[in-house]
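The sequence lines fix the lettering, A, B, ..., with proteins before strands; numbering per chain opens at 1.
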Amino acid sequence: MDHQPAHARRRYDPGSIEPRWQQRWADDGLYRIDNDDNREARYVLSMYPYPSGPAHIGHVRNYTYGDVLVRYNTMAGYGVLSSIGFDSFGLNAENAAIKSNTHPRIFTDKRIDQLTESLRRIGAVYDDRRTVKSHDVNYIRWNQHFFLKFLEADLAYKAEAPVNWCPGCRTVLANEQVVSGRCERSGDEVERRTMSQWFYRITGYAQELLDELETLDWPDRVKIMQRNWIGRSEGVQFGLPIADAKGTARTDVDPLVVYTTRPDTGFGMTFAVMSPEHPRVEELVTDEQRPVVEAFRAEVSKRSEIERLSNTGNTDHPNGQHKSMTKRGVFTGSAVVNPFTNTAIPLYLADYVLMDYGTGAIMAVPGQDQRDWDFAEAHELDIVRTVRPPDGFDGQAYTGDGPAVNSEWLDGLTVDEAKQAATDWLVDTGLGEQRVNYRLRDWLLSRQRFWGCPIPIVYCDTCGAVPVPESDLPIVAPDDVEFRPTGESPLNYHESFLNTGCPICDGPARRETDTMDTFVDSSWHFLRFVDPWNPDQPFSSDAVEKFLPVNQYIGGVEHAILHLLYARFFTKALADLGLAPSNLREPFAKLFTQGMVRLGGSKMSKTKGNTVAPESFVDTHGADALRLAILQAKPASEDVDFEDIQLEGCERFLNRVWRLAATPTRDIDNTRSGQPAEPDNRIETATHRLIAATTEQYQRLAFNTAVAGFMEFTNGLYKYVQSADGPHGPTLRLAIDTLLQLMAPAVPHITAELWAIRHEGQHVHELSWPEADQAKLRESTVTMVIQVNGKVRHRVDVNADITDADARATALSSERVQALLGGSEPSNVIVRAPRLVNVVA
RNA sequence: GCCCGGGUGGCGGAAUGGCAGACGCGGCGGAUUCAAAAUCCGCUGUCCGAAAGGACGUGUGGGUUCGACUCCCACCCCGGGCACCA
């Protein structure tokens, strides 16, 4: 191999072969699939990208993994659905539009073209006919259709909701746009405002979303995150009667309803707390306390939720429990009656109690809850322990198990027993009922933004909020709008869009100007992919049944909660509404979360300006080298530092493969024909082993070890070609051809080119996947390790069929073992023929 | 604080309870060359040793086992998620 053989056709030149094959795949429509394709269907999907211009390295990683699987599964004989679309609505384009007073569609379309071109240049293949864009009127139309269906089914509703409001930008901000209580753009302090907003009732599916996680082949990490997010808890909801001046329960007023998961601690309830937003605050506050309470409520309303819940600047509590921020709150002047002790306890207002969880009011038990303990200390309230902490406990609230104390008829019971007894008592006496609560909140849909899917609603003075009739869809935002930096949607100024007629009474009405959260768009694009040309329906049931659920979904773990939960909810809702097959309960059967690409240890992002443009590497090293470097650098599930993606070694390797394979085997000097000998059999075995290993590695996305296997095998072939007797022609030919087939999903261009050189008129990606011959996986001789007391002392080559007895005899008779035993008999001999013998002295 | 991951050569990493460090990067040496690049071949965990060989070695400390990177217990460190959800 130390000279270029005269017959080598040409040098490896990715710059010339890559565009040619990309064109060929597009022309042949090799990765197009029709809905009546008769191969077994597979749906391999990478997450819906936001088109931010040319691909960044993170995109390349994601779409390379997807592409390898698409190509592998195609070669393995499946009819693979591979499509891509663009999550093309959103703030980014709108902000750019405001800056230059240009329509966001102009930016968006350009960026989609750029991203499409980037993906083509790295060799990723899709059924180009199935592309979907969120801002396409056809997509908007079905999005609005779903909204109307959800509304009919009471899965969509409008309600007052507190939002993050930036006074400088005069707009609502998403939680992610609020950084420590301030607007990330203007720096203004974010306020909480209550606005009328649309919601999707995802909470109606809380239990199903929780239960069916079990059926999914997803990373545990993601399932756990969703479980926590849904946050199911079991407890009791019961009433605390309002106390009169003498401290006895009033019967003329409804009790204050509280929720607890620790009914066993009821005897330790020394005060009660309601949320500042609780609707009964007005009623329950005394005149004397009213000014203080009003001031407190006003102050709280100005805080963002994030600020209110954050504990920034707090230190961890010495006893290891959660120490939260200073407990802010005020006395209402009123008291309620603790039904366990029948005594009056003070009722407070505090912002650590949230209105949208449970009943918005709690029984406070400082002895067993650190938050209540902190509040009690700050406001000098009584603390009573009702669970005895273990000896030596020097903390504050004790939340562990132990015998009940100070609790009359519960004394001595364990926490679980006491919970049961207290629950029974509350239920039997009619005070309360068992209750399951979820932390999951309904999905706030409304965005005060222009660049999104309009919500198809009109407001009529007489009829109220009226859904737009199906026949009027799609409602599309007008193009002749002015983008002004007011922070308000330009739709608010567009009179002809705004003013319309009421579909019911025909009177004057105004259109809803809010648009939908873009997570709506990414909640069903994978369904549209299966039937994107359908003009009458969002998708047909037949097409969905053929391809769904997605066999392999690939994306970043940053979507573990929002996108993946919304998409699951959407799928269930569509199925229940008869819009998708009713048995489709989950969209993504199997999920793989790939790691992020970091630069200098920090997450790469446009705002940080530390992105790397992969296009330059395609120019200098070729797409195949880039793909291979990404595959090889790290396990796919782990984060990778960009510096660890090394292209030079990969490019060198591809050159080695080129020099080996571009020379037809018959031309290699000293190639033998005739019967294969022992060294040839070893190559044959290695070839079949590589098939088995690569197949298994692709299936579990162990790309880094698959690449290592290619390199190791290639190194072996180099030695083989240069061996004294020279290579056996047919054996070498099979080895190289097999290597090319196995590498074809990973490095599609070079393998396609080499295959065409070696087999004129054939296309490697149209071949079927090689199968390992079981009989040829076994080597005839293996190296047997001989251990003495578990340490390797000697190695011998033995026949792979060696019996246990022979292996034992071979080991014991070896000089090394004899020397180490020094004449004494071994106490034990472990034989694992043919791999290992362990002699225990 | 709670819940997940993870700690292996100079670096990225590999290894169903059975040869620790595959493969790649980097380094060293050799071949080729007028020379260099490219390429090819070899070596490359640490320590002792001329070598043969030996000792040590997968975050720390224990344990199980003929045998532990792998399983168990305790702890340390790093990364991520959640964090007033009653």
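Listed pair A:Gln787 / B:rC66 fails the phosphate criterion, with no side-chain N or O lying under 4.0 Å from OP1 or OP2. Using a 4.0 Å cut-off, some side-chain N or O of A:Asn715 falls inside it from OP1 or OP2 of B:rG24. Listed pair A:Arg832 / B:rC19 fails the phosphate criterion, with no side-chain N or O lying under 4.0 Å from OP1 or OP2. A close approach under 4.0 Å does occur between a side-chain nitrogen or oxygen of A:Lys791 and OP1 or OP2 of B:rC56. For B:rA86, the OP1/OP2 oxygens have no side-chain nitrogen or oxygen of A:Arg439 closer than 4.0 Å. Taking only side-chain nitrogens and oxygens, A:Arg652 comes nearer than 4.0 Å to OP1 or OP2 of B:rC25.
The nearest whole Å value for the distance from the CG atom in A:Leu628 to the C1' atom in B:rC23 is 11 Å. Nucleotide B:rA52 holds its C1' atom 14 Å from the CZ atom of A:Arg793, rounded to whole Å. Atom CZ in A:Arg656 sits roughly 9 Å away from atom P in B:rU39 (whole-Å rounding). Distance CZ (A:Phe653) to C1' (B:rA22): 14 Å, rounded to an integer number of Å. Distance A:His559 NE2 to B:rG81 P: 14 Å, rounded to the nearest Å. B:rA86 atom C1' lies 13 Å from atom CG of A:Leu240, rounded to whole Å. Distance CD1 (A:Ile830) to P (B:rA68): 12 Å, rounded to an integer number of Å. Rounded to whole Å, the distance from CG on A:Leu690 to C1' on B:rC23 is 13 Å.
When heavy atoms are screened at a 4.0 angstrom cut-off, A:Arg435 is found touching no nucleic acid atom at all. If you check every strand for non-hydrogen atoms under 4.0 Å, A:Arg232 touches nothing. Residue-level contact check: A:Asn704 touches the backbone only, with heavy atoms under 4.0 Å from sugar-phosphate atoms and none from bases. A:Glu648 comes within 4.0 angstrom of no nucleic acid atom, judged by non-hydrogen atoms across all strands. Across all strands, A:Val785 comes closer than 4.0 Å to base atoms (heavy-atom distances). If you check every strand for non-hydrogen atoms under 4.0 Å, A:Arg795 touches a base. In this structure, A:Ile224 reaches the sugar-phosphate backbone alone: every heavy-atom distance under 4.0 Å involves primed, P, OP1 or OP2 atoms, never a base. Backbone-only engagement by A:Ser233 is indicated by non-hydrogen atom pairs under 4.0 Å involving sugar-phosphate atoms exclusively.
With B:rU39, B:rG12, B:rC66 as the candidates, the nucleotide lying closest to the side chain of A:Gln632 is B:rG12. Ranking B:rG18, B:rA20, B:rC40 by closeness to the A:Tyr718 side chain, first place goes to B:rC40. The A:Glu712 side chain lies nearest to B:rC23 when the options are B:rC66, B:rC23, B:rC84. Listed candidates were B:rC40, B:rA20, B:rG12. Nearest to the side chain of A:Asp644 is B:rG12. When distances run from any side-chain atom of A:Ala708 to the nucleotides B:rG53, B:rA22, B:rG81, the shortest one goes to B:rA22.
For the C1' atom pair drawn from B:rU64 and B:rG12, the interatomic distance equals 34 Å after rounding to whole Å. Annotation: B:rA20 and B:rG57 have their P atoms spaced 13 Å apart (nearest Å). Atom name P, nucleotides B:rC28 and B:rC19: the rounded distance is 33 Å, in whole Å. One P atom belongs to B:rG49, the other to B:rA35, and the distance between them is 38 Å to the nearest Å. Between the C1' atoms of B:rU39 and B:rU32, the separation comes to 8 Å (whole Å). Comparing B:rC78 with B:rG29, their C1' atoms sit 38 Å apart, to the nearest whole Å. When the P atom is used for both B:rU58 and B:rC71, the distance is 15 Å, rounded to whole Å. Taking the P atom of each, B:rU44 and B:rG24 are spaced 14 Å apart, rounded to whole Å.
Each of A:Asp220 and A:Gly649 has a nearest nucleotide on RNA chain B; the 5'-most of these lies closest to A:Asp220. Closest-nucleotide positions on RNA chain B for A:Thr705 and A:Thr783 were compared, and the one nearer the 5' end corresponds to A:Thr705.
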Q. Can you list the steps and then say if A:Phe653 with A:Phe713 is a ring-ring contact (aromatic ring centres under 6.0 Å, His included)?
A. CA-CA 11 Å; A:Phe653 166 71; A:Phe713 185 71; over 10 Å; no

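By the 4.0 Å N-to-carboxylate-O rule, A:Arg227 lies close enough to A:Glu214 to be salt-bridged with it. A salt bridge does not link A:Arg598 to A:Asp641: none of the charged nitrogens lies less than 4.0 Å from a carboxylate oxygen. Salt bridge absent: A:Asp13 and A:Arg11 never bring a charged side-chain N and a carboxylate O closer than 4.0 Å.
At a cut-off of 3.5 angstrom, counting only N and O atoms as typed in the model, there is no donor on one side facing an acceptor on the other between the side-chain of A:Arg835 and the base of B:rG18. Remark: the A:Asn838 side chain and the B:rC66 base include a donor-acceptor N/O pair separated by less than 3.5 Å.
A:Pro14 meets the side chain to side chain contact (heavy atoms under 4.5 Å, CB included) test with A:Tyr12, A:Glu18; sequence neighbours excluded.
Residue A:Pro727 comes nearest to A:Tyr720 through the heavy atom pair CB-CE2, 3.4 Å, listed as atom of the first residue, atom of the second, then distance.
A donor-acceptor distance shorter than 3.5 angstrom exists from the side chain of A:Asp401 to the backbone of A:Val415, with no hydrogens or angles considered.
Between A:Phe375 and A:Phe271, the distance separating the two ring centers is shorter than 6.0 angstrom.
Syn is the glycosidic conformation of B:rG9, whose angle stays within 90° of 0.
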